[in-house]
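This report concerns only the one structure given below.
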There are 2 protein chains.
Amino acid sequence: MIPNNNSRKMFLEIVKQLRQLIHDENIAVGGKLPSERELAERLQVGRSTVREALRSLELLGIIETRRGEGTFLSDFRKHQLVELLSTFILQDVKSKKDVHTTMQALEKDAIRTICMTDVLHKQSIWDAFLDKLHEEVLQEDIIREIIIISNNRLALKIWFLLKQFADEPYHSFMNVEEKKAWKLLLTNLKVGNEQQAISYYNEWKLLTNRGEIK
Amino acid sequence: MIPNNNSRKMFLEIVKQLRQLIHDENIAVGGKLPSERELAERLQVGRSTVREALRSLELLGIIETRRGEGTFLSDFRKHQLVELLSTFILQDVKSKKDVHTTMQALEKDAIRTICMTDVLHKQSIWDAFLDKLHEEVLQEDIIREIIIISNNRLALKIWFLLKQFADEPYHSFMNVEEKKAWKLLLTNLKVGNEQQAISYYNEWKLLTNRGEIK
DNA sequence: AACTATGAGTGGTCAGACCACTTTGTAATT
DNA sequence: AATTACAAAGTGGTCTGACCACTCATAGTT
């Protein structure tokens, strides 16, 4: 229960336990964490050790501290940590390509899952999406909805994380051709035609890659 | 020169200065940084403040510390962020089913990618794998190889991470039936027959889920 | 009722003390 | 002379206690 062995790095253990604590106490974004002194006592470590863990999470943008007030869980999906880290990490083209490839894997799987599940593709929501195509619609909005409906929250979260590293097609509006591909995709989706749906997905992907040189 | 104002967050300043120091002294990857005590004196701050900055960089994977030896600049291209953030993301995902589903999405995509790419499926390595099936072989070993060959390092990283949360089929050896399914899978894989390969993949998945109640 | 002062609570920083571990140099042994 | 054993120095890991600066609620004053 108490891994206070010396060989292990205690501050990493505290990071782990903080994660657990946030989950157990159901602390929401913006919520307040226990004070450093209280954490030290509860976790049976010195305050400096707690601080090392907290400072690490702060640099990551996971928490936010305000002197005199306390430590708060922050919305790390927004903050600039992605920019900070991307300068170190996903620099080379190969990595960016991996991001897109992996996102496509998740997207296709969502489509396939929906096609194979009666209760999912036989929903009236697809007609609502088809209507939406007459308005201005962002590429990412409709895809996000599809992944949501596929009912894999983990995949959704990973996809959401990756999207912040991906730049190209997701933040733009659809043009006429893309809307056409989506119309065909959705039409096949709502009758559970996996083959055709994936086929039109691939067609859409070819369209969004306009201008990109690989 | 010395921003020891109280309003500013000192440890963030130290992070900045450490980056400057690494640049100025031209410390290469694997090189040694000054000791914590020396840094504290040179930067005119307490050792604990230096440590908070160092621990942050360590959690980011930018530096590496070895007790008794010192602090070293590490290769930050092996990004730790996906692991870190994903573990924080995974906290509120209760269902392990999502983990399995997502892993399967990555696995299937690797198989499909290989089938669709001549240079990948027309490799002699598949014959080597078929030979291996005569020995004791772990489920995860062969899948890992497939994802590696699909040449998406990000997907591999995510898959590897998820595997730590998934216990069921991956850590066990194959039985006779599973080997049979794999044999058929690999046979179709090496001729690029995507449909059949996926089909036998699904068959294998049914086998590994023996005893599991969903 | 509005304002002020005070104190409790919180994060920010520092100094000093051990501990555990690695390396290195030196003394003892062979 | 070579090897071994041991002691010391250096390093990161952790804890403690002490201030400081700041925020906030509240008791007290006007």
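Every chain is numbered from 1, with letters handed out A, B, ... down the list of sequences.
Counting distance only, with no hydrogens placed and no angle test, the side-chain atoms of B:R47 and the base atoms of D:dG13 include a donor-acceptor pair under 3.5 Å.
Under 4.0 angstrom from either OP1 or OP2 of C:dA15 there lies no side-chain N or O belonging to B:S48. Using a 4.0 Å cut-off, some side-chain N or O of B:T71 falls inside it from OP1 or OP2 of D:dG12. Proximity of A:R66 to the phosphate of D:dT23: no side-chain N or O atom is located under 4.0 Å from OP1 or OP2.
The nearest whole Å value for the distance from the CD atom in A:E38 to the C1' atom in C:dG11 is 14 Å. With rounding to whole Å, A:L43 atom CG is found 15 Å from D:dC15 atom C1'. One interatomic measurement links the two molecules: CD of B:E13 to P of C:dC14, which rounds to 12 Å at whole-angstrom precision. Separating the CG atom of A:L39 from the C1' atom of D:dC15 is a distance of 16 Å, rounded to the nearest angstrom. Atoms CD (B:E52) and C1' (C:dC14) sit 11 Å apart, rounded to a whole Å. Atom CD in B:E64 sits about 15 Å away from atom C1' in C:dT22, given to the nearest Å. Between A:R51 atom CZ and D:dG17 atom P the separation is 17 Å, expressed in whole Å. For the pair A:I14 CD1 and D:dG13 P, the computed distance is 14 Å after rounding to whole Å.
Taken to the nearest 0.5 Å, the CD1 atom of A:I143 stands 11.0 Å off from the CG atom of A:L106. To the nearest 0.5 Å, the span separating CG on B:L185 from CD1 on B:I198 amounts to 7.5 Å. Taking CD1 of A:I111 as the start and CD1 of A:I149 as the end, the distance is 11.5 Å to the nearest 0.5 Å.
A heavy atom lying under 4.0 Å from DNA chain C marks the following residues of residues 30-37 of chain A, by number: A:S35, A:E36, A:R37.
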- Message: Between B:K108 and B:N202, does the side-chain hydrogen bond (donor to acceptor under 3.5 Å, both in side chains) criterion hold? Intermediate values first, please.
- Response: CA-CA 9 Å; B:K108 285 184 183 178; B:N202 288 327; 3.2 Å; yes
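Taking for each of A:G68 and A:E58 the nucleotide of DNA chain C with the nearest heavy atom, the 5'-most of the two is the partner of A:G68. For the pair A:E69 and A:V45, both in contact range of DNA chain D, the more 5′-proximal nearest nucleotide belongs to A:V45.
Closest to the side chain of A:R67, out of D:dG12, C:dC14, C:dG11, is C:dG11. Between C:dT13, C:dG11, D:dT14, one nucleotide has an atom nearer to the side chain of A:T65 than all others, and that is C:dG11.
Sorted by first and then second residue, the salt bridge (Lys or Arg N to Asp or Glu O under 4.0 Å) pairs with a member in residues 23-37 of chain B read B:E25-B:R42, B:E36-B:R47, B:E36-B:R51, B:E36-B:R55; sequence neighbours excluded.
Here the closest non-hydrogen pair linking B:L73 and B:I62 is CD1-O, 3.5 Å.
Shown here are the side-chain hydrogen bond (donor to acceptor under 3.5 Å, both in side chains) partners of B:T49, two or more places apart in sequence or in another chain: there are none.
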